[in-house]
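Residue numbering restarts at 1 for every chain, and letters A, B, ... go by the order of the sequence lines.
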Amino acid sequence: MDELDILKRDWKKQEATLPKISYDDIYKMIHKKSSSIVKWILIISILELLFWSGLNLLIPDSYLEIYEKFNLKTFLLVTQIIHYVVVVIFIYFFYNNYKAICVSENTNLLMKRIIKTRKTVNYYVYYNIIVYVLLSIILNVVMFSNPETLIDALNPENLNIDGDKFLNIMLIVQIVTLIIMLGLLCLYYRIIYGILLRRLSKNYKELATMNN
Amino acid sequence: MNKELEHKFISEFQENQNIVHKVCRIYTSDQESHNDLFQEITIQLWKAYPKFRGDSKLSTWMYRIGLNTAITLYRKSKRSVPTQDFDTVLHRIESTDYDNTEEEQLKLMYKAIHQLSDIDKGLIFLYLEDKNYSEISETLGISEVNARVKMNRIKTRLKTILNP
């Protein structure tokens, strides 16, 4: 007899030894909360959407006054409107992709849909990072091209400070903050992916190579 | 959700629960993980049940969701290394049915199955459940030819383990 037939025979035999879960226990089970990765992806994604769209609410009003001195207020208002339109578009895509996840689909398609949903959020985060970096560059270029206005704006009490040194320190602080922020983000994504998606991506790749 | 649907689901599920236990046996190696995965599959089945139209057999639908949960959705709650071998989990009633060589071979084979990738485990599981290649390819979303090729590789691998 072929070895695999022996295995099959043994596999069938185990039917008799399988546990039987009672009606009541099944009832209890279906009222428990799922801990599937789709649920986690949903929670983390919503938090990320909220975090990034809430970030510019944290900018203090005094900053807006400074920007006003550089005639940047209209520019910032327009970028903000565009930003919120983009946020709404992202949320729409995210919702659609999330809704399309169906556990009774074939394995390949299910994984494809989960990855697509997660990717929408990633693109949203990339978009935010790019916008923040671009905006910082534009704002800095405008402000540093008018160093006098800048020193005036940041030093309203007209304290006696070395203008050049002050601007240099300000620039270095901004660059260091940006690098630290990006570093933390990279770390965060490594952890999130490590925990949630490594196994899924590995399995998806395996199926994809089979299909090629 | 309404009680009638709940009752219908639990009764049907109870009758077919073997499918879910068998998925758990392929994918987990200790009792605790078995129960954990069993619960997650049950929840997923219940959540998907209102959309089950009956255009496929209930068992086919259960195989699909069971495997999808094990391969894709399930997040192992513990990172501990399984301490028990798969074959010791199988409480065989009539061990006298097996001669020593067969017993040894089975042990080796179950051990080998446990070392397979998630996808390969799915393939061998459907093979052990007597599913044909068209059903296997539809469940996993790969072509029939690829399912065949892959299955032959797994079979060869298992055979080489037994006859090195």
Tell me, yes or no, whether the heavy-atom count around A:Lys12 atom NZ, taken from other residues, nucleotides or ligands under 6.0 Å, exceeds 12.
yes

How long is the gap from CG on A:Asn108 to OG on B:Ser137, to the nearest 0.5 Å?
11.0 Å

Side chains of B:Tyr127 and A:Leu4: closer than 4.5 Å at any heavy-atom pair?
yes

So for B:Leu67, is it side chain, backbone, both, or neither that comes closer than 4.5 Å to the heavy atoms of chain A?
neither

Largest heavy-atom contact set with chain A, pairs under 4.5 Å, which of B:Thr69, B:Ile65, B:Leu140, B:Thr139
B:Leu140

Over 12 foreign heavy atoms within 6.0 Å of NZ, A:Lys116:
no

Is any side-chain heavy atom of B:Gln39 less than 4.5 Å from a side-chain heavy atom of A:Lys28?
no

Under 4.5 Å between any side-chain heavy atoms of A:Trp11 and B:Tyr110, yes or no?
yes

Would the number of heavy atoms belonging to other residues, nucleotides or ligands and lying under 6.0 Å from OH of A:Tyr188 be above 12?
yes

I want to check something: taking the side chain as every heavy atom from C-beta on, are B:Ile43 and A:Ile30 in contact at a cut-off of under 4.5 Å?
no

Please flag which part of B:Ser11 lies under 4.5 Å from any non-hydrogen atom of chain A: side chain, backbone, both or neither.
both

Which bit of B:Lys155 comes within less than 4.5 Å of chain A, counting heavy atoms only: side chain, backbone, both or neither?
both

May I ask you to decide if A:Val103's main-chain N or O and B:Asn68's side chain share a donor-acceptor pair within less than 3.5 Å?
yes

Would you check if A:Met210 and B:Leu123 make a side-chain contact, meaning some heavy-atom pair closer than 4.5 Å?
yes

Chain B contacts, top residue of A:Lys33, A:Lys202, A:Glu105 (heavy-atom pairs, under 4.5 Å)
A:Glu105

Is atom OH of A:Tyr23 surrounded by more than 12 heavy atoms (other residues, nucleotides or ligands) closer than 6.0 Å?
yes

Value rounded to 0.5 Å, distance of NZ in A:Lys20 from NE2 in B:His21:
6.5 Å

Examine whether an atom of A:Glu206 lies under 4.5 Å from a heavy atom of chain B, and if so say whether it belongs to the side chain, the backbone or both; otherwise answer neither.
side chain

Is it true that, when you exclude B:Gln115 itself, more than 12 heavy atoms of the residues, nucleotides or ligands shown sit nearer than 6.0 Å to its CD?
yes

Among the options B:Asp120, B:Ile71, B:Thr42, B:Leu45, pick out the one with the most heavy-atom pairs lying under 4.5 Å from chain A.
B:Ile71

Note, A:Ile26 side chain near B:Trp46 side chain (heavy atom, < 4.5 Å):
no

How long is the straight-line distance from NZ of B:Lys107 back to CG of A:Asp10, given to the nearest 0.5 Å?
12.5 Å

So, the part of B:Gln17 with a heavy atom under 4.5 Å from chain A: the answer is side chain

Look at B:Lys22 together with A:Glu15 and state whether they make a salt bridge at an N to O cut-off of under 4.0 Å.
yes

Shortest non-hydrogen pair, B:Arg25 vs A:Pro19, comes out as NH2-CD, 4.3 Å

Is it true that atom CZ of B:Phe52 has more than 12 heavy atoms of other residues, nucleotides or ligands lying nearer than 6.0 Å?
yes

Where on A:Lys112 is there a heavy atom nearer than 4.5 Å to chain B: the side chain, the backbone, both, or neither?
neither

With rounding to the nearest 0.5 Å, note down the distance linking NZ in B:Lys51 to OG in A:Ser104.
7.5 Å

Side-chain contact, heavy-atom cut-off 4.5 Å: A:Ile21 with B:Phe38?
yes

Between A:Leu200 and chain B, which part of the residue has a heavy atom less than 4.5 Å away: side chain, backbone, both or neither?
side chain

Quick one, A:Lys8 and B:Asp130 - any side-chain contact, counting heavy atoms below 4.5 Å?
yes

About how many Å separate CD1 of A:Ile37 and CG of B:Leu73, when rounded to the nearest 0.5 Å?
6.0 Å

If we ignore hydrogens and angles and just use 3.5 Å, is the side chain of B:Glu40 paired with the main-chain N or O of A:Ser35 as donor and acceptor?
yes

Toward chain B, the part of A:Ile41 with a non-hydrogen atom under 4.5 Å:
neither

Sub-3.5 Å donor-acceptor pair from the side chain of A:Arg199 to the main-chain atoms of B:Tyr74, do we have one?
yes

Does atom NZ (A:Lys39) have a neighbourhood of more than 12 heavy atoms from anything else shown, all under 6.0 Å?
yes

So does A:Tyr92 have more than 12 non-hydrogen atoms from other groups sitting under 6.0 Å from OH?
no

Candidate pair A:Thr107 and B:Thr72, rule side-chain contact (heavy atoms from CB on, under 4.5 Å), full reasoning
CA-CA 8 Å; A:Thr107 312; B:Thr72 310; 3.9 Å; yes

